[in-house]
Protein chains: 2
Amino acid sequence: MADHSAQSNPGTVSSARSGDDYIVPLCSVFRQHLHGENLKFTPERAQVLDAIIQMERVFEADELLFEMRRRKMRVSKATIYRTIRLLVDAGIIEQILYDQKQAHYRMAYGQAPHDQMVCVETGRVLDFSIPELVELRDRIAAEHGWSPVGHRFQIFAISPDSESAEPDAEDEQ
Amino acid sequence: MADHSAQSNPGTVSSARSGDDYIVPLCSVFRQHLHGENLKFTPERAQVLDAIIQMERVFEADELLFEMRRRKMRVSKATIYRTIRLLVDAGIIEQILYDQKQAHYRMAYGQAPHDQMVCVETGRVLDFSIPELVELRDRIAAEHGWSPVGHRFQIFAISPDSESAEPDAEDEQ
DNA sequence: GTGCGTGCAAAGACTTTGCACGTAC
DNA sequence: GTACGTGCAAAGTCTTTGCACGCAC
């Protein structure tokens with residue numbers, strides 16, 4: 001497999017199209033999902049989705065709040081948490097786990113691949129896709145009689161830029 | 001709880017030997033690690049390690065506390081948390097991530113493989129090992145010029161016993 | 001019009017920390 | 001003897017919830 005790395009560049013989910021192109025379809029997707037659940041499409045929810053789209057990378061609830069404040073969108077923390085949950089339910093974003101401190105999320109709509117490499121020094125994230133992993137997963141699940149519904153593959157590594165650039169004095173006696 | 005997972009299959013930490021056999025070497029490992037860091041090997045720390053060994057499965061800090069209380073080991077919650085961190089540093093146990101609610105840990109000393117399958121219905125965990133995954137990981141890291149230090153592979157699936165056996169009224173339509 | 005949504009602050013779940021006393025080395 | 005450890009409770013961090021008012025459908 002020569003080049004399985006879908007996004008050659010660090011961290012960003014979308015590459016070819018600009019952020020704005022997403023807004024219309026994603027709004028529709030979200031609106032439809034809400035409608036299907038008898039929930040309402042409010043300005044606040046639209047703003048949260050909009051802000052997430054603008055972030056174009058992995059984010060935490062807190063970062064989203066901060067970013068929205070910076071952009072003069074006045075939405076409460078509670079609403080952000082509530083909306084994030086709805087967006088996960090709608091399949092528009094997904095939760096990823098780096099640590100148990102706080103939840104991280106990212107866009108899932110554009111079918112971004114699940115696999116990623118995380119730099120243990122800098123926190124930099126590189127997304128990529130390994131199609132065989134799905135086959136592997138299905139095979140293992142089948143061998144045990146389980147029904148696969150998803151998987152997660154993360155590589156922990158040190159990125160080339162962190163070794164050189166970063167002094168990173170953890171403990172110097 | 002009956003038999004939380006794994007034992008029957010490849011990948012459990014202990015298979016042939018009984019729990020007690022571990023106590024001596026693990027104590028030594030821990031003691032040496034502490035000594036190397038100029039820390040002390042106290043009865044409390046020994047008890048925490050002992051209790052973890054007896055659990056023989058994935059555990060949470062809270063479960064460990066409960067189990068130790070049950071066995072009349074009087075160790076404070078703070079000490080459990082502090083000792084868990086030391087054991088992770090020593091490489092004796094490792095943290096695994098199911099969700100961000102709380103941290104889960106398991107024995108890492110016997111070089112248990114990192115890969116696992118989690119039942120999204122019951123929480124049952126099945127450990128297994130895929131050697132190719134390490135090669136895959138190393139190859140991908142190398143392709144991008146990163147230095148791999150670890151990985152995590154989790155399959156989310158529905159275990160056969162959960163569909164039939166378990167009522168599990170999460171939502172009963 | 002009504003029921004779902006929102007903001008606010010308070011509560012909740014898990015983990016860490018400050019302090020005074022205790023103990024392994 | 002001393003520096004590290006311990007228990008306790010209080011503080012911290014991230015997330016959820018109760019309530020009164022407001023708005024989308």
Side-chain angles (χ1 to χ4, degrees), chain A residues 27-28 30-52 58-69 72-90 93-105 171 173, chain B residues 27-28 30-52 58-69 72-90 93 95-105 123:
Chain A
C27 268
S28 303
F30 192 29
R31 182 175 248 142
Q32 280 178 31
H33 172 79
L34 290 173
H35 188 257
E37 307 258 317
N38 272 320
L39 301 174
K40 289 163 187 167
F41 185 73
T42 64
E44 287 86 357
R45 291 177 178 169
Q47 283 189 323
V48 171
L49 176 55
D50 189 30
I52 288 174
V58 170
F59 64 92
E60 309 162 19
D62 214 44
E63 293 175 340
L64 188 56
L65 176 65
F66 184 80
E67 178 64 14
M68 292 186 74
R69 288 279 155 80
K72 307 282 186 254
M73 295 164 149
R74 310 213 104 278
V75 173
S76 76
K77 200 194 302 184
T79 294
I80 287 182
Y81 277 108
R82 290 188 273 232
T83 305
I84 282 177
R85 179 176 287 181
L86 290 174
L87 287 165
V88 171
D89 290 345
I93 63 175
E94 68 184 346
Q95 200 181 54
I96 40 184
L97 282 84
Y98 294 144
D99 51 58
Q100 14 0 280
K101 266 304 175 201
Q102 67 246 38
H104 291 79
Y105 304 87
D171 50 359
Q173 310 294 49
Chain B
C27 267
S28 302
F30 191 29
R31 182 174 248 144
Q32 279 178 32
H33 172 79
L34 291 173
H35 188 258
E37 306 259 316
N38 272 320
L39 301 175
K40 288 163 187 167
F41 185 73
T42 64
E44 288 85 358
R45 290 178 178 168
Q47 283 190 323
V48 171
L49 175 55
D50 189 29
I52 289 175
V58 170
F59 64 93
E60 309 163 18
D62 214 45
E63 293 174 340
L64 188 57
L65 176 65
F66 184 81
E67 178 64 13
M68 292 186 75
R69 288 278 154 80
K72 308 280 186 257
M73 295 163 147
R74 310 212 103 280
V75 173
S76 75
K77 199 195 300 184
T79 293
I80 286 181
Y81 277 108
R82 290 188 273 231
T83 305
I84 282 176
R85 178 175 289 180
L86 291 173
L87 288 166
V88 171
D89 290 346
I93 63 175
Q95 201 180 54
I96 41 185
L97 283 84
Y98 294 144
D99 50 60
Q100 12 3 279
K101 266 304 174 200
Q102 68 244 43
H104 290 79
Y105 304 88

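In the text below, chain A, chain B and the rest are named by the order of the sequence lines, each starting its count at 1.
Regarding B/Phe30, its CZ atom lies at a distance of 10 Å from the P atom of D/dG5, rounded to whole Å. Look at CG on B/Leu86: it is 15 Å from C1' on C/dT15, rounded to the nearest Å. The NZ-P distance, from B/Lys77 to C/dT17, rounds to 15 Å in whole Å. Between the CG atom of A/Leu65 and the C1' atom of C/dG7 there is a distance of 12 Å, given to the nearest Å. A/Phe66 has its CZ atom 14 Å from the P atom of D/dC14, to the nearest Å. Spacing between atom CZ of B/Arg82 and atom P of D/dC4 amounts to 14 Å, rounded to whole angstrom units. Rounded to a whole Å, the CG atom of A/Leu34 is 14 Å from the P atom of D/dA24. For the pair A/His35 NE2 and C/dC4 P, the computed distance is 14 Å after rounding to whole Å.
Nearest to the side chain of A/Glu44, among C/dT15, D/dA24, C/dG7, sits C/dG7. Nearest to the side chain of A/Val75, among C/dC4, C/dA24, C/dG7, sits C/dG7. Nearest nucleotide to the A/Lys40 side chain, out of C/dT15, C/dT17, C/dG5: C/dG5. Each of C/dT15, C/dC25, D/dT15 was ranked by its minimum atom distance to the side chain of A/Lys101; first place goes to C/dT15.
Between B/Arg45 and the phosphate of D/dG5, there is a side-chain N or O to OP1/OP2 separation shorter than 4.0 Å. Taking side-chain N and O atoms only, A/Tyr81 has no distance below 4.0 Å to OP1 or OP2 of D/dT16. Distances shown here put a side-chain N or O of A/Arg85 below 4.0 Å from the OP1 or OP2 atom of D/dT16. Applying the 4.0 Å criterion to OP1 and OP2 of C/dG5, one finds that A/Thr42 has every side-chain N and O outside that range. Of the side-chain N and O atoms in B/Arg74, none sit less than 4.0 angstrom from OP1 or OP2 of D/dG7.
Among B/Leu49, B/Thr83, B/Thr79, B/Ile80, the one residue that satisfies the side-chain contact (heavy atoms from CB on, under 4.5 Å) test with B/Glu44 is B/Thr79.
In the displayed structure, B/Arg69 atom CZ is contacted under 6.0 Å by more than 12 heavy atoms of other residues, nucleotides or ligands.
Closest of all the heavy-atom pairs between A/Lys40 and A/Arg45 is O-NH1, 2.7 Å. The heavy-atom pair separating B/Val58 from B/Glu63 by the smallest distance is O-OE1, 4.0 Å. The minimum heavy-atom distance linking A/Tyr105 with A/Ile96 is given by the pair N-CG1, 4.2 Å.
Positionally, the nearest nucleotide of DNA chain C for A/Thr83 lies more toward the 5' end than for the other of A/Thr83 and B/Pro43. Heavy-atom nearest nucleotides on DNA chain C were determined for B/Gln102 and for B/Phe41, and the one closer to the 5' end corresponds to B/Gln102.
Among the atoms of the strands shown, none is found under 4.0 Å from any heavy atom of B/Asp62.
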